[in-house]
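Every heavy atom of this structure was used, including side-chain atoms; hydrogens, water molecules and symmetry mates were not. Letters go in sequence order (proteins before strands), and every chain restarts at 1.
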Amino acid sequence: MTVFAGHLPVFLIALPLLAVPLLYLIDRLGANSRNVALLFYALMALAAGVPWLPGFPAEVVAEIGGWPADIGIELRLDALARLFLPVVGVIGLLGTVAADPGEATGPFYPLSFLLLAGSNGLILTNDLFNAYVFLEITSISSYALVGFRRDTRGFESGFKYIVVGSLASVLLLWGIAGLYAVSGTLAFSRFAAALPAVPGRAAVAAAVLVVVGLLTKLGIAPFHAWKADALAGAPRSVAATLAGATVSAYFVVLVRVLTTVPGGIGFGLRPATGGFFMRLSAYVSEFVAAGIPGMLILLSGASIIVGHLTALRQTRLSRLLAYSSVAHFGYIIAGVAVGTVPALAGAFLHAVHHAFMKAGLFLFIPLAADSAERDRITSLTCGRTAPALVGSAMIFLTMGMVGIPPAAGFASKWILVLETARAGAPFAAILIALGGAIALVYYLRLSLAAVGRTRSSSPRRSPADVRVFAAFLVCAGYVFVAFWATDLLAGIAISVAETTLGGGG
Amino acid sequence: MKRTTAALIVTVLVVLAGFAASELPSEAERAEPVNHAIRSLADTGAVNAVSAVLFDYRAFDTLGEATVIITTAMIVAFLAPQARASMLSVRMSGIVLYGVVLLLPFIAVFGLAIMLYGHISPGGGFTGGVVLSTSAVLYAVVYSAGGQQSYVLAPATNKMIENVAMTAFLAVGFFGMAASGAFLANAATGIGLGTPGSLLSAGTIPLLNVISGLKVGVGLAIIIISLFLE
């Protein structure tokens with residue numbers, strides 16, 4: 001077990017890479033590689049769950065080439081990685097299984113494996129530059145998957161995504177070089193020791209560049225403009241994977257940067273006394289002095305407001321869901337910026353729940369729309385297969401999005417509201433609560449439009465429909481089960497947050 | 001108006017960046033000297049410290065970067081099918097046609113030398129691969145003129161080489177894992193580092209040089225030829 005455990009981080013990255021030549025070989029032999037690809041992906045998703053087995057060590061460090069982190073590259077399977085590996089694996093699997101066989105041709109499955117290898121690498125690596133390499137693999141394969149339909153809309157989305165994504169990559173690279181110049185190390189686990197507790201302006205500038213690059217990849221306002229185009233132009237199954245799995249991997253890197261670079265998290269305003277203007281000026285000066293966490297709180301507030309208000313005006317479901325993602329990552333970033341153990345736990349929990357809810361709602365589109373291109377909210381139905389079940393599952397998922405019990409989003413959002421308020425960011429708490437109210441309006445509109453209408457036209461029924469149906473139900477099922485397992489999941493999230501903050505990596 | 005705003009924003013950002021960068025430590029003040037160059041000869045047997053970093057200490061990054069190129073090649077070949085060669089309706093003159101044939105062996109030998117001697121002298125797999133790919137691109141561009149497409153290697157062969165090289169890189173990694181317990185291990189596997197400076201030295205580094213050179217060369221050839229002939 002221990003020998004195997006020590007190699008697991010490498011296997012989680014190297015085996016998806018090996019899948020690329022394997023699928024090529026199968027194609028060359030003239031066999032159909034789809035079933036092999038799905039089976040292999042399922043095995044990788046299972047392998048991502050292995051660290052949860054009893055007896056698996058709490059932290060596994062794999063030194064690549066036998067070199068320690070100061071001179072080489074290390075992979076670390078720690079608590080944070082253990083939490084997010086299965087999210088990436090399972091949602092990636094659901095998205096890959098639900099792919100339309102008509103669309104999933106050519107290099108679709110190899111690119112899916114490259115996306116998985118990149119995401120796993122992002123989650124596992126303990127080295128900032130190595131994270132950049134995996135970020136490139138992840139981004140480039142997702143650019144291609146977004147434009148995979150090869151129609152005008154797909155190309156436009158893919159192109160916008162490439163332009164903004166490359167800009168983010170450049171900022172990141174610049175910031176990484178700066179952090180390396182200041183600290184002399186690239187390992188996350190060594191930043192805390194290598195940088196002074198109050199970093200100088202060069203270190204802060206470098207860290208801000210890295211953080212802004214990652215926030216762009218996550219789609220936080222005002223760096224979110226690409227997101228709706230990318231997710232609306234992509235094939236639905238790809239959109240589910242990107243909005244659920246890939247984003248989680250970017251989020252893990254952001255958390256690693258913020259928790260290891262001194263001054264990355266920890267926002268809280270102390271109550272001030274005196275007259276209104278005295279208090280106001282005290283708050284403003286404290287806010288400015290907060291540095292990176294202050295910036296994160298501002299951006300998260302902007303994301304919540306912009307995301308929800310823009311989502312409210314959308315007429316197409318995929319764009320609505322993309323803007324809702326902007327707002328939800330606003331909630332999550334607020335929790336991270338506050339940076340206390342419970343707030344961070346709330347952020348982790350919400351990131352996991354949001355991944356499943358958003359993937360589920362993206363998989364609802366192919367069930368509800370007449371054709372792949374049309375997802376106008378007023379023309380949506382509840383599909384042909386078991387419309388009552390699909391309709392109620394969809395309503396359940398939107399309840400999770402808004403944060404109404406008994407759906408999983410409720411508890412995580414509740415923790416975020418309480419903990420941001422308690423730590424001294426009451427405006428963030430107010431915005432999170434208010435955001436739910438706006439979301440209620442647009443999700444009610446969706447429910448009213450879709451429920452009660454079944455799809456009568458186009459009696460086409462393909463095996464893909466059944467796969468999408470199953471993947472959609474898995475997401476809805478997760479949101480149902482996760483609500484009743486809230487105590488267990490919150491406990492796990494709190495222990496992950498404690499390890500992440502306590503060890504410093 | 002837009003231009004003025006953009007210029008203003010850029011100026012402010014440049015000033016801020018300069019302000020931040022003025023605090024970057026100089027080479028002398030750096031707290032922890034970059035120690036790869038000091039220990040690389042003893043650790044890896046490679047005279048070229050850059051190769052030691054790229055193919056031993058941080059070989060995992062190189063695996064990733066080569067994968068990026070393969071991914072891009074895969075995407076470009078998929079998005080830009082090599083069906084039309086409309087851009088190249090010009091006929092090349094005899095001087096160009098024969099000149100290229102005379103040049104090609106020299107370019108190829110130069111590329112191979114950079115690749116094979118990467119652990120001894122400046123160069124390595126990436127650089128050698130790029131030089132090799134220029135010979136393929138040159139041939140395809142010159143001899144595809146006039147509509148008839150011809151390649152040094154057929155696109156299908158390129159694709160096969162690429163996949164074989166990827167498998168080989170991972171195989172070297174797993175060999176390290178089997179022999180010493182660490183993925184991509186070199187000296188620790190006990191294969192012997194040889195005499196520094198000789199062609200067969202530095203353990204797996206020359207092998208990885210050749211593999212990544214093939215990956216990069218073939219990948220770039222696919223990318224450029226697909227884009228050019230579209």
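Of the possible polar contacts, one joining the B:S51 side chain to the B:G118 backbone as a donor-acceptor pair under 3.5 Å is found. No donor-acceptor pair under 3.5 Å is formed between the side chain of B:H119 and the backbone N or O of B:L200. No donor-acceptor pair under 3.5 Å is formed between the side chain of B:N158 and the backbone N or O of B:V218. Between the A:E74 side chain and the A:N126 main chain, no donor and acceptor come within less than 3.5 Å of each other.
Across A:A144, A:P107, A:G72, the residue that shares the most heavy-atom pairs under 4.5 angstrom with chain B is A:P107. Ranked by non-hydrogen atom pairs under 4.5 Å with chain B, the options A:L209, A:V204, A:L18 are led by A:L18. Taking A:A203, A:G200, A:G66 one by one and counting their heavy-atom pairs under 4.5 Å with chain B, the maximum is reached by A:G200. The residue among B:D56, B:T67, B:L184 with the most heavy atom pairs within less than 4.5 Å of chain A is B:D56. Each of A:I140, A:V20, A:L17, A:I13 has some count of heavy-atom pairs under 4.5 Å with chain B, and the biggest count is that of A:L17.
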* Let me see the working for A:T125 and A:N130 under side-chain hydrogen bond (donor to acceptor under 3.5 Å, both in side chains), right down to the final yes or no. => CA-CA 7 Å; A:T125 187; A:N130 195 230; 2.9 Å; yes

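For B:L63, the part lying under 4.5 angstrom from a heavy atom of chain A is the side chain only. Heavy-atom distances place no part of A:L135 under 4.5 Å from chain B, backbone and side chain included. For A:L22, no part lies near chain B; criterion is any non-hydrogen pair under 4.5 Å. Interface residue A:L114: only side-chain heavy atoms are found under 4.5 Å from chain B. Looking at A:Y143, neither its backbone nor its side chain comes within 4.5 Å of chain B, counting heavy atoms on both sides. Looking at B:A187, neither its backbone nor its side chain comes within 4.5 Å of chain A, counting heavy atoms on both sides. Neither the backbone nor the side chain of A:L25 comes within less than 4.5 Å of any heavy atom of chain B. No part of A:F113 comes within reach of chain B, as not one of its non-hydrogen atoms sits under 4.5 angstrom from that chain. Using a 4.5 Å cut-off between heavy atoms, A:A62 does not touch chain B at all.
Rounding to the nearest 0.5 Å gives a distance of 10.5 Å between CG of A:D27 and CZ of A:R34. Summarising the geometry, atom CG belonging to A:L186 is positioned 11.5 Å from atom CG belonging to A:D70; distances are rounded to the nearest 0.5 Å. Considering OH of B:Y139 and CD1 of B:I225, their distance stands at 11.0 Å, rounded to 0.5 Å. A distance of 8.0 Å separates CG of B:N186 from CG of B:L208, quoted to the nearest 0.5 Å.
For A:Y132, the OH atom is densely surrounded, since the number of other residues' heavy atoms within 6.0 Å is greater than 12.
Residues of residues 164-176 of chain B having a heavy atom under 4.5 Å from any heavy atom of chain A, listed by number: B:M166, B:T167, B:L170, B:F174.
The closest side-chain donor-acceptor pair between A:R190 and A:S183, if any, does not fall under 3.5 angstrom.
For the residue pair B:N163 and A:P21, the shortest heavy atom distance occurs at OD1-CA, 3.3 Å.
The aromatic rings of A:F148 and B:F78 lie parallel to each other, with less than 30° between the two planes, well short of the 60° mark.
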